[in-house]
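Every chain is numbered from 1 and lettered A, B, ... according to where its sequence line falls, protein lines coming before strand lines. All heavy atoms count here, side chains included; hydrogens, waters and symmetry mates do not.
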2 protein chains.
Amino acid sequence: MSCSDLSGARRCACGNLRRTTRSITQFYDQFLLKSGLRSPQFSLLLNISLNENISVGELGSILLMDQTTVTRNIEMLKKNGYVTIIKDPADARRKTISITESGADKLAESMPLWEQAQSQIEKGLGTERYRDFLKTLKDITQLVQ
Amino acid sequence: MSCSDLSGARRCACGNLRRTTRSITQFYDQFLLKSGLRSPQFSLLLNISLNENISVGELGSILLMDQTTVTRNIEMLKKNGYVTIIKDPADARRKTISITESGADKLAESMPLWEQAQSQIEKGLGTERYRDFLKTLKDITQLVQ
DNA sequence: AAATAATATATGTATATACATATATCGATT
DNA sequence: AATCGATATATGTATATACATATATTATTT
């Protein structure tokens with residue numbers, strides 16, 4: 001007897017999210033190509049820019065990314081000179097991450113490229129549906145936390 | 001002058017999808033833990049089960065995954081004895097992938113674990129909203145292809 | 001103040017992913 | 001049949017990701 005309905009798992013939230021994420025990442029990366037950034041680094045650099053002097057752990061909390069992954073991904077940004085990583089004088093365990101001028105330039109350069117990709121998605125879905133979509137992503141995130 | 005509205009990129013479809021995907025993957029993985037499969041392998045094994053004698057490239061097309069990634073991920077399944085990979089007699093370039101009895105058992109074992117994770121998402125969102133969500137993921141996928 | 005618990009980051013290891021390119025095979029053209 | 005283009009898979013390399021654990025530092029407890 002092995003008549004379990006495997007086919008039902010086609011509706012898997014995780015599998016469907018992973019597939020769409022693979023696909024959309026390549027899409028955004030095509031636009032970002034000229035900047036030399038790719039989606040994950042663009043996102044990381046953006047959040048560093050929006051949260052000056054943020055720590056590794058706090059970045060992880062915002063991005064829902066393991067702290068060890070943050071540690072490794074900011075190394076790449078540092079290697080390219082886009083961020084500085086310094087010990088917090090008030091707490092030597094902590095490191096504070098800041099965007100450099102070069103990093104801010106790179107981010108500014110990639111914004112219009114990002115905007116091109118983004119507008120295709122938003123226009124394709126329509127404003128309202130896009131808003132609902134972001135809300136659903138947020139709700140899923142809270143369901144699984 | 002650097003007053004570009006970086007903050008607008010918080011609505012990035014790619015970034016938001018990637019974040020939610022990281023998060024939900026860990027959620028499903030917790031449930032699947034007992035089976036020894038993790039989300040990507042569960043998904044891969046499922047699709048192999050649903051498409052007997054599928055090729056590497058066809059799997060990539062279904063999963064929107066690069067062919068080289070499929071090649072490497074099925075190696076893991078093969079190493080665990082969950083699939084067989086044999087040359088297509090009709091076309092020696094092609095390889096056909098099939099689930100083994102052991103793989104089918106493993107999949108059957110993981111289905112109720114998957115169902116637990118899945119039902120929390122579907123119940124949390126509600127049936128209708130969940131259906132809309134899958135539709136939107138599909139539409140995004142088509143927008144970026 | 002010393003010992004212990006808690007916290008922040010880093011390292012070792014493994015999987016997931018894709019791009020550029022190589023290799024093998026097939027199909028079509030001559 | 002030999003050549004050439006197309007197709008299927010594999011390999012080299014690099015980034016993305018997380019878990020288990022180590023290390024360093026701070027905070028708490030005795």
Side-chain angles (χ1 to χ4, degrees), chain A residues 14-15 17-30 32-33 36-45 53-61 63-80 82 85-97 144, chain B residues 14-15 17-30 32-33 36-45 53-61 63-80 82 85-97 144:
Chain A
C14 186
L17 270 164
R18 290 184 68 85
R19 176 170 50 222
T20 302
T21 295
R22 280 191 294 272
S23 196
I24 203 172
T25 296
Q26 287 175 263
F27 179 72
Y28 276 70
D29 282 355
Q30 284 169 15
L32 291 172
L33 195 63
L37 290 177
R38 271 169 301 172
S39 300
Q41 279 141 11
F42 171 79
S43 184
L44 193 53
L45 193 54
N53 293 320
I54 196 172
S55 72
V56 171
E58 286 161 356
L59 256 180
S61 294
L63 296 171
L64 300 178
M65 182 181 283
D66 193 274
Q67 161 265 308
T68 65
T69 305
V70 175
T71 292
R72 269 152 183 159
N73 290 358
I74 61 176
E75 276 168 17
M76 319 238 65
L77 293 177
K78 187 190 175 187
K79 196 161 51 182
N80 285 315
Y82 298 152
I85 307 174
I86 62 175
K87 262 189 188 171
D88 187 337
D91 182 346
R93 290 172 300 183
R94 194 181 152 96
K95 299 203 174 168
T96 60
I97 307 154
V144 303
Chain B
C14 185
L17 270 165
R18 292 184 68 85
R19 176 169 51 223
T20 301
T21 295
R22 281 191 294 272
S23 196
I24 203 171
T25 297
Q26 288 175 264
F27 179 73
Y28 276 71
D29 282 356
Q30 285 168 17
L32 290 173
L33 195 62
L37 291 177
R38 270 168 302 171
S39 300
Q41 279 142 10
F42 171 80
S43 184
L44 193 53
L45 193 54
N53 293 321
I54 196 172
S55 73
V56 172
E58 287 162 356
L59 256 179
S61 294
L63 296 171
L64 300 178
M65 184 182 281
D66 193 274
Q67 161 265 308
T68 64
T69 303
V70 175
T71 293
R72 272 155 180 156
N73 289 358
I74 60 177
E75 276 169 16
M76 319 238 65
L77 291 177
K78 187 188 175 188
K79 196 161 50 180
N80 286 313
Y82 298 152
I85 307 174
I86 61 176
K87 263 191 187 169
D88 187 337
D91 183 345
R93 292 171 300 181
R94 193 182 153 95
K95 298 203 173 169
T96 60
I97 307 155
V144 302

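In this structure, CE of B:M65 is placed 17 Å from P of D:dA16, rounded to the nearest angstrom. Atom pair B:L77:CG and C:dA16:C1' shows a separation of 13 Å (rounding to whole Å applied). Distance, A:L59 CG to C:dA8 C1': 13 Å, rounded to whole Å. The CD-P distance, from A:E75 to C:dT9, rounds to 13 Å in whole Å. In this entry the distance linking CG of A:D66 with P of D:dA20 reads 10 Å, nearest Å. Between the CZ atom of B:F27 and the C1' atom of D:dA18 there is a distance of 18 Å, rounded to whole Å. A:Q67 places its CD atom 15 Å from the P atom of D:dA22, with the value rounded to the nearest Å. In this entry the distance linking CD1 of B:I24 with C1' of D:dA18 reads 17 Å, nearest Å.
A close approach under 4.0 Å does not occur between any side-chain nitrogen or oxygen of A:N73 and OP1 or OP2 of D:dT15. Between A:T71 and C:dA10 there is a side-chain N or O to OP1 or OP2 distance below 4.0 Å. At the phosphate of D:dT17, OP1 or OP2 sits under 4.0 Å from a side-chain N or O atom of B:R18.
Taking the nucleotide of DNA chain C with the nearest heavy atom to each of B:T68 and B:S39, the more 5' of the two is matched to B:S39. Judged by closest nucleotide on DNA chain D, B:I85 is the one of B:I85 and A:L64 placed further toward the 5' end. Where A:S23 and A:K95 meet DNA chain C, the nucleotide closest to each residue was compared, and A:K95 sits on the side nearer the 5' end.
Terminal axes of the helix from C:dA1-D:dT30 to C:dT30-D:dA1 (five pairs each, C1' rotation axis) are separated by 10°, to the nearest 10°.
Nucleic acid contact class of A:T25 (heavy atoms, under 4.0 Å, all strands): none. Among the protein residues, A:R72 comes within range of the nucleic acid bases, having at least one heavy atom under 4.0 Å from a base atom.
Judged by distance alone, with hydrogens and angles left aside, the side-chain atoms of A:T69 form no donor-acceptor pair with the main-chain N or O of A:M65 at under 3.5 Å. Looking at A:N80, its side chain never comes within 3.5 Å of a backbone N or O of A:Y82 through a donor-acceptor pair. For A:D29 (side chain) and A:S39 (main-chain N/O), a donor-acceptor pair under 3.5 Å exists by modelled atom type. The backbone N or O of B:L17 sits less than 3.5 Å from a side-chain atom of B:T21, completing a donor-acceptor pair. With hydrogens and angles ignored, the 3.5 Å screen pairs a side-chain donor or acceptor of A:E58 with a backbone N or O of A:S55. Although no hydrogens or angles enter the test, the distance criterion places a donor-acceptor pair under 3.5 Å between the side chain of A:R22 and the main chain of B:L63.
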From CA spacing to verdict: side chain to side chain donor-acceptor pair (under 3.5 Å), A:S43, B:R18: CA-CA 10 Å; A:S43 184; B:R18 292 184 68 85; over 6 Å; no

Side chain to side chain donor-acceptor pair (under 3.5 Å) evaluation trace for B:E75 with B:T71: CA-CA 7 Å; B:E75 276 169 16; B:T71 293; over 6 Å; no

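With distances taken from any side-chain atom of A:S55 to the nucleotides D:dT9, C:dA16, C:dT9, the minimum falls on C:dT9. For B:T69, whose side chain is taken as the heavy atoms from C-beta onward, the closest listed nucleotide among C:dA16, D:dT9, C:dA18 is C:dA18. Of the candidate nucleotides C:dT15, C:dT11, D:dA10, C:dT15 has the atom nearest to the side chain of B:Q41.
Between A:N73 and A:Q41 there is no side-chain heavy-atom pair separated by less than 4.5 Å.
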Polar atoms only, N or O, under 3.5 Å: list the protein pairs with nucleotides 25-28 of chain C and their distances.
{"residue": "C:dT25", "atom": "O2", "partner": "B:R93", "partner atom": "NH1", "Å": "3.4"}
{"residue": "C:dC26", "atom": "OP1", "partner": "B:A92", "partner atom": "N", "Å": "3.1"}
{"residue": "C:dC26", "atom": "O4'", "partner": "B:R93", "partner atom": "NE", "Å": "3.4"}

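In summary, of the residues considered (B:R94, B:K87, B:K95, B:R93), a side-chain hydrogen bond (donor to acceptor under 3.5 Å, both in side chains) with B:D91 occurs for B:R93 alone.
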